[in-house]
Amino acid sequence: MADELPKQYNPKETESKWYEIWEKNNLFSARISPDKIPYSIVIPPPNVTGILHMGHALNNSIQDILIRYKRMKGFQTLWMPGTDHAGIATQNVVEKALAKEGCKRQDLGRDRFIARVWEWREQYGSTIIHQLKKLGCSCDWSRLRFTMDKDYSRAVVEVFVRLYEKKLIYRGSYIINWCPRCQTALSDEEAAHAELQGHLYYLKYPLKDKPSEFITVATTRPETMLGDTAVAVNPKDKRYKKYIGKVLALPLVGRQIKIIADPLVDMQFGTGAVKVTPAHDPNDYALGKKHGLEFINVMAPDGKMNALAQKYAGLDRFRAREAVLEDLKSLGCLEKITPHTISAGHCYRCHTIVEPYLSKQWFVKTKPLAKPAIEAVKKGKIKFYPDRWAKVYLNWMENIQDWCISRQIWWGHRIPVYYCKNCNSLNEKDGIIVSRTKPLECPKCKSTELIQDQDVLDTWFSSWLWPFATFYWPDDSADLKYFYPTSTLVTAPEIIFFWVARMIMAGFEFKKQLPFKDVYIHGTVRDVEGKKMSKSLGNVIDPLEIIAEYGTDALRFSLISITSAGQDVFLSKERFEQGRNFANKIWNASRFVLINLKPEEVNADLCVFFKNQKPDIANRWILSRFYSTLGKVEKDLNSYKFNEALNSLYSFFWHEFCDWYLELIKPQIAQKQTQVVMYKVLEKTLRIIHPFMPFITEEIWQRLPGAKDSIMQQKWPHQQLELISPKAEAQMQAAFDIINTIRNMRAELEVNPSGFIDIKLAIPDKVSEKSMQPLFDYIRNLARINNLSIVEKYIPQNNQYTAVLKDMHIIMPLSGLIDAAQQLKKTQSKIDKLQSEVRNKELMLANKNFTGRAPKEIVDAEKTKLTDMQTQIIKLEAIKNGLR
RNA sequence: GGGCUCAUAGCUCAGUUGGUUAGAGCGUUGCGUUGACAUCGCAAAGGUCUGAGGUUCAAGUCCUCAUGGGCCCACCA
């Protein structure tokens, strides 16, 4: 069987094979089992339009590690998968497809367009799901949810109605971020500001009664002057005091506008006088409200000027800007133009510059919702890992603004608001019916002419319900009772505000309970230069390509091992070679064990076996190292330090199990106890590597003699400390210390066929027995301290020294080649360093501040350390003398 | 402007509550390897832990300031 194992691990064949088998045997499915403790994670639902990028790969690898770990630990685990309908993103994709056919969504009409989107989803919507499977994600696919599912939509409507009835949803006009390309409102979070080079235009507005006098205002968007309804100055500004209350004649338009005073105006900026366009700027809007100004909207939703812009009507906003400037110039009203860096909002989907735009939108009043959500984090009911994100969260929550939830697109949950044609036309505030189902008639006038609001809800208005709407809330389902609140949320820092904060609010509002206990925030995946990976920058490393080239396990290994405590991840392709090499190392070490394994020998229970027979030092040592690694891995996993857990595993497996243990046992590999220990340690190590690297561990697991079921169904190993006494470990360490000392002297270590460890010492040829005495003394001494029995032999004619430390045989031929002078220098510097350390330590121990105040154990530990260091110096002196 | 974060080997980064000689991977150089593995092994070179102060018996680690990156929020007429 073992002979079939090829020399190199081939991920391609094994990965798809095992994933299918896992799925077929329902190993991912979660059932309600009252005798088990539930552990649940809801996936951050990727967009249906999404294709797997490194961010997803990292995010989902982490979740899979947690789920697989907890599953093996005996929890009833559920990883709830699903996708998000991603309103604007999806609509854009389908519109692009339509554009190729030469038509627009308006040509199809709303219903047919939505049908097209559903068609698109049927066809392409599961791409991301297939890709998650390639990544090895052990989600319960039988529960796959979609935010536009019927049941899910019911929850969305329910929430809207409830909030409306609590007066936490209102309709208002407001300056919102408007994307003229997508033709929809965007929330503040969706309109990220970016700097760009623009200009500051200085416009001269003449006084109405004295056209020879001007007030100069500065603006970055001159076309909005068509909608100006005032000019504002600071009341303290001496330059303008005399003009306050006077009237200006707005050039080009001819409208008469007042000069008002407001302390908000910054006297330092521009000319100190600011044009006020209440319909086109958020600050101006506030000024307009405060001073009772007129709101004149001069722009159409598509970014072109409207009829109120008079002769500029129909021009695009940027064309209009040019035209306005030209006309102002010919009127002599353009004073100057200066370069100016402006920061403008950009649509997060299409990067069009957003326009501050006055329109009617629906809002959620967030302050009351935020209250319990703030408290939960402050009181530690919900914990962020790393905890610094809690500060970010709280900072935002405490300054939270109302949430604009309406979007002027077609794909999404349509707002459950109906307008009575009669009543609503008489008064905007009348005839508004908010209902779970379409009402038959207006309750007031009994008219049946009811029209549903054209807008849909913000995508996040559905995803904020994800932790419970996926369990068929508002029904009180058994799943909801068992799995809610969920255990851990794993996500990226970008969506703390979009999503995490809102889920916490929704959890308290609708379930009266937190949605999850822990929030693990991992870093953003960036390229080598620190830029975010994005398609437009062309710096993307495609995880699927990595999987094809190196395998999923390699991808997962490398991603996790460089993700330390939520720091951003800087990624280059070479990173994945380490993962591939490790996978191959696991493969070959296992191959070696399997080749040498006598299957009939390995069924013994470790505890029982060693009750009768004490394992030798190498076997004891590797067991000890294994359990200590196991403890560390568990501790790190429990505190979300995935990279540390993985790195411990890596160095245990490679540098202890392979480099030392497997080399040490080669001569005794047929021994029964070695067979048992070798097998058990490999077998247990595979289990704890499995959450990180699921495929290769399963492949090897299945080749182990007597392997039953999948490795997924195995238990996480227990600490079995009774096998190893601390004394045994200390002895083992001492033995290795000796060897390492020798290795420091450029010794080479190898196991010869008769089971001895040959050490070729790199010591100058003409070395006398006498000069080696201190080293021998040191070894003898160390052996004595550690209760190692030692038998020594020195054979002058062969120039060979032999020491037998208990079970370990050391033969040191006293010959070699080395630049003794160099070695001497180095040793001396080490001694110097150590001596200064010793002085410090002695000082410290003499200090009563330390010995008096520090706990006794620490003082004792320090004393031991001092002794150790002194021993170390003696050892080095010995080496030094040997070199002379 | 407010908040967060980072600066450690040529490169990318670890370094737990201060406490032995500051580590890993990659890269470089040398040596080695015919049966687990060249996707390997052994070793070497390479560090005033960004700078300046401070606390301490003891600082890469804590505090203050400075310098230089990155991120988030707010504002930007």
Side-chain angles (χ1 to χ4, degrees), chain A residues 2 5 7-9 188-189 193 195 200-201 217-221 224 231-232 265-266 269-277 281 283-284 340-344 388-389 391-392 395-396 399 493-494 496-497 524 526 528 530 532 550 558 561-562 564-572 574-575 577-578 580-596 635-636 639 641 643-644 647 650-651 655 658-659 662-663 666 743 746-750 762 822 829-831 833-834 837-838 840-851 858 861-862 864-866 868-869 872 876:
Chain A
L5 275 175
K7 274 195 172 188
Q8 283 182 23
Y9 171 58
D188 288 344
E189 290 75 28
H193 281 245
E195 292 210 329
L200 200 54
Y201 305 91
V217 296
T219 179
T220 56
R221 293 185 297 150
T224 62
V231 165
V265 178
D266 180 357
F269 190 90
T271 59
V274 55
K275 64 194 261 315
V276 183
T277 324
D281 184 274
N283 292 317
D284 294 9
H340 185 68
T341 312
I342 52 173
S343 130
R388 64 167 186 275
W389 293 109
K391 281 188 221 161
V392 177
N395 192 27
W396 187 76
N399 299 296
E494 295 92 282
I496 291 179
F497 307 141
T524 307
R526 297 171 189 283
V528 188
K532 210 165 164 175
Y550 300 106
S558 293
S561 71
I562 59 176
S564 92
Q567 285 300 327
D568 284 357
V569 178
F570 294 78
L571 211 56
S572 65
E574 293 75 49
R575 281 275 170 210
E577 285 173 18
Q578 194 190 350
R580 175 202 56 188
N581 292 357
F582 186 49
N584 200 56
K585 191 73 179 177
I586 297 175
W587 184 255
N588 274 297
S590 306
R591 183 165 168 262
F592 172 77
V593 172
L594 286 173
I595 286 170
N596 291 290
K635 202 178 129 214
D636 288 339
S639 48
K641 292 177 182 168
N643 69 317
E644 290 189 29
N647 290 338
Y650 175 85
S651 68
H655 299 305
C658 295
D659 287 353
L662 290 185
E663 295 301 329
K666 274 179 181 171
R743 281 155 69 113
R746 293 182 134 249
E748 282 179 23
L749 178 84
E750 59 187 51
Q822 194 195 347
S829 85
K830 277 186 185 173
I831 290 172
K833 260 188 186 173
L834 261 179
E837 286 290 329
V838 166
N840 277 340
K841 209 135 265 198
E842 281 167 348
L843 219 63
M844 166 182 144
L845 285 167
N847 187 307
K848 283 191 181 145
N849 278 334
F850 175 72
T851 46
I858 291 181
E862 292 305 324
T864 320
K865 282 175 192 169
L866 178 64
D868 287 352
M869 282 161 68
Q872 190 97 19
L876 287 170

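Values below: every heavy atom of this structure, side chains too, minus hydrogens, waters and symmetry copies.
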Strictly below 4.0 Å: does A/His655 bring a side-chain N or O up to OP1 or OP2 of B/G25? yes
Smallest separation among heavy atoms of A/Gly272 and A/Val265, with atom names: O-CG1, 3.4 Å
Does a nitrogen or oxygen in the side chain of A/Lys585 sit under 4.0 Å from OP1 or OP2 of B/G25? no
Side chain of A/Gln578, base of B/A24: donor and acceptor closer than 3.5 Å? no
Given B/C4, B/G15, B/C37, identify the nucleotide with an atom nearest to the side chain of A/Arg388. B/C4
For B/C26, the nucleotide meeting Watson-Crick or G-U wobble distances (both under 3.5 Å) is B/G10
Protein-nucleotide distance (A/Asn581, atom CG; B/G41, atom C1'), rounded to Å: 14 Å
Heavy-atom closest contact (A/Val593 atom, A/Leu662 atom, distance): CG2-CD2, 4.2 Å
Reckon A/Val593 touches a base, only the sugar-phosphate, or nothing at all at heavy-atom distances under 4.0 Å? nothing
Ring-plane angle category for A/Trp587 and A/Tyr9, please: parallel below 30°, perpendicular beyond 60°, tilted otherwise. tilted
Taking CZ from A/Phe592 and P from B/G41, how many angstroms apart are they, rounded to a whole number? 15 Å
Closest approach to the side chain of A/Lys641, judged atom by atom: which nucleotide of B/C73, B/U16, B/C40 is it? B/U16
Aromatic A/Phe592 / basic A/Lys666 pairing, under 6.0 angstrom, 45° off normal: yes
Between A/Arg591 (CZ) and B/G35 (C1'), how many Å, whole number? 8 Å
Between A/Lys275 and A/Ala589, which has a closest nucleotide on RNA chain B that is more 5'? A/Ala589
Need the pair for B/C62. Rule: Watson-Crick or G-U wobble, both distances under 3.5 Å, any strand; none if unpaired. B/G54
Using whole Å, what does the distance between atom C1' of nucleotide B/C13 and atom CG of A/Asn647 come to? 10 Å
Only pairs with both distances under 3.5 Å count, Watson-Crick or wobble alike; so what is the partner of B/G41 in this structure? B/C31
Under a 3.5 Å cut-off for both contacts, is B/G1 paired Watson-Crick or G-U wobble with anything, and if yes, with which nucleotide? B/C73
For A/Trp587 and B/C37, what is the distance between atoms CH2 and P respectively, to the nearest whole Å? 14 Å
Could you state the CG-P distance from A/Asn395 to B/G2, rounded to the nearest angstrom? 13 Å
Which sits closer to the 5' end of RNA chain B, A/Tyr201 or A/Asp636, going by the nucleotide each is nearest to? A/Asp636
Quickly work out the A/His340 NE2 to B/C75 P distance and round it to whole Å. 15 Å
May I have the step-by-step check of side chain to side chain contact (heavy atoms under 4.5 Å, CB included) for A/Arg221 and A/Asp281, ending in yes or no? CA-CA 10 Å; A/Arg221 293 185 297 150; A/Asp281 184 274; 3.6 Å; yes
Give a yes/no answer on whether the side chain of A/Asn584 brings an N or O atom under 4.0 Å of OP1 or OP2 in B/C40. no
Could you tell me whether A/Tyr650 contacts a base, only the sugar-phosphate backbone, or nothing, with contacts defined as non-hydrogen atoms closer than 4.0 Å? sugar-phosphate
Applying a 4.0 Å non-hydrogen cut-off, can you work out what A/Leu200 is touching in the nucleic acid: base, sugar-phosphate, or nothing? sugar-phosphate
Ignoring the backbone of A/Asp659, work out which of B/C72, B/G3, B/C42 is nearest its side chain. B/C42
Distance check needed: B/C4 P versus A/Phe497 CZ, whole Å only. 13 Å
